[in-house]
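To start, the structure under review is shown below, and the notes come after it.
Indexing begins at 1, ligand by ligand and atom by atom, following the structure's order. Computed from heavy atoms alone, side chains included, the values below leave out hydrogens, waters and symmetry copies. The structure presented is a predicted model; accordingly, all values stated were derived computationally and were not measured.
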Amino acid sequence: MATITNHMPTAELQALDAAHHVHPFSTQADLEKSGVRVITGAKGVWLTDSEGSEILDAMAGLWCVNIGYGRDELADVAARQMRELPYYNTFFMTSHVPVIALSAKLAELAPGDLNHTFFASSGSEANDTNLRLVRTYWGEKGKPSKQVIISRWNAYHGSSVGSASLGGMKGMHAQGGLPIPGIHYINQPDWWSEGGDMSPEDFGLARAQELEQAIIDLGEDNVAAFIAEPIQGAGGVIIPPETYWPEIQRICDKYEILLIADEVICGFGRTGSWFGSQTVGIRPDIMTIAKGLSSGYQPIGGSILSDEVAAVIGATEFNHGYTYSGHPVASAVALENLRILEEEKIVDTLRDDTGPYLKAKFEEMAEHPMVGEAKIIGAMGSLALTPDKGARAKFAADAGTVGYMVRERCFANNLVMRHVGDRMIISPPLTITKGEIDTLIARAWQSLDEGMANVKDAGLFV
Ligand SMILES: *Cc1c(COP(=O)(O)O)cnc(C)c1O
């Protein structure tokens, strides 16, 4: 029997990968030319690749490894749970101890009366649940016309048909005939790119008031819910002006619609509070969770419901569920992850100590000649690249051309930093130390310098 090991030459691994592995969000044909980077191990914030490089992962995988890599406790819990009860379902009035314990723990951690969790294996699945759930909720309340869900352009809510339709990524909608009917989009609160001559405060209010206008235009009797990430992640870490969320909450309070906070990235400490809703001061009826729930050690997500939403949904049979809803191994690992986050005071340390240090260093990068805006909240930050800060100008190339050039330098400098268009974003493990923050910032500056030289050579810095 052939086995594939970490010791196989990189070129062979790359060839097998290109031949047989179809990658998400990648141009497969490019992989055959350049070859993938093969990650073989990880510890803390550090990845190791098949060439032995030590790479600082400033994205925590895909925004998910909140407690850092290599925690044996989670491996031990998973092995123990697999021996005791590797699988059982939660359909048809059955349950098991790990999912009971996790549900109770989430009720304790989540704010307000968000006390009831419906489980999934991912954020996409959880948002699919939300889509069916809010429409079912209004049907049960005798208001079946309330079906439309309002979302935002450039929001990311997942990649399944339902969740990608809830999202506002036009490139995703273009593939596969999306969006499904009954989703309405308003504009995002991205002042840097779209604010024009308005002050950030006025712009934040104006963008929030688009929600009110949409409710009026669609008719309150036709609107089920508004869904949004407290801080947009995949859209480029868009930190809204401070006027935005209070106005959204006012509008949700005024009209009879549900507020769904997609906490898949913001949840479990990312913004310096347990949930992004607490950081931006909102009271959602439903929260979507995934990613940091297990720090990515197991695939698990869910929807946390308020007492009222749970009571309405609970009065009838909700014909919805996944084979792996509340999977025992994933639940046990998530519970252990939450224990570590809590007992090691990881969220408090980020809020009070490492977070402010990271913020000071990160925001200094606004002094770089190619960085117009450097903003960070907790451990999610974004640099807006520009050839002209004063004018908040775009480059004379397709959006993403310059971002890609800087990302390429990050890659060469053993720093994982992503680009979204011409923004560079970070979302490191919450456990990153001050020394590691210094390394991150030094590598980012170097990559910006080298990237800018290449941008100049390409004639794009004009
Ligand atoms: C990643 C993400 C999702 C989708 O989660 P998956 O586990 O990839 O399905 C949904 N919402 C937000 C805000 C996300 O960042």
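Between the side chain of E436 and the backbone N or O of T433 there is at least one donor-acceptor pair closer than 3.5 Å.
Shortest non-hydrogen contact noted between T243 and L205 is OG1-N, 3.5 Å.
Distance from atom 1 (C) of ligand 1 to its nearest protein heavy atom, with residue and atom name: K291 NZ, 1.6 Å. Nearest non-hydrogen protein atom to atom 11 (N) of ligand 1 is D262 OD2, 2.7 Å. Nearest non-hydrogen protein atom to atom 7 (O) of ligand 1 is G123 N, 2.9 Å.
Using cut-offs of 30° and 60° on the angle between ring planes, the pair Y322 and H320 is perpendicular.
Both the backbone and the side chain of Y156 come within 4.0 Å of ligand 1, judged by heavy-atom distances. Contacts with ligand 1 closer than 4.0 Å are made by side-chain heavy atoms of E229 only, the backbone lying farther away. Contact annotation for E125 and ligand 1: no heavy atom of the residue comes within less than 4.0 Å of the ligand.
Residue I265 has at least one heavy-atom neighbour below 4.0 Å for each of these atoms of ligand 1: 15 (O). The distance from ligand 1 to the heavy atoms of S124 drops below 4.0 Å at these ligand atoms: 4 (C), 5 (O), 6 (P), 9 (O). Interface atoms of ligand 1 facing G158, defined by a heavy-atom separation under 4.0 Å, are 4 (C), 10 (C).
Ring to ring, Y324 and F119 are not that close: their centroids are 6.0 angstrom or more apart. With ring centers used as reference points, Y87 lies 6.0 Å or more from H96.
Counting only heavy atoms from C-beta outward, the side chains of Q232 and N154 approach each other to under 4.5 Å.
Checked options I265, V280, T279; the residue passing with I231 is V280 (criterion: side chain to side chain contact (heavy atoms under 4.5 Å, CB included)).
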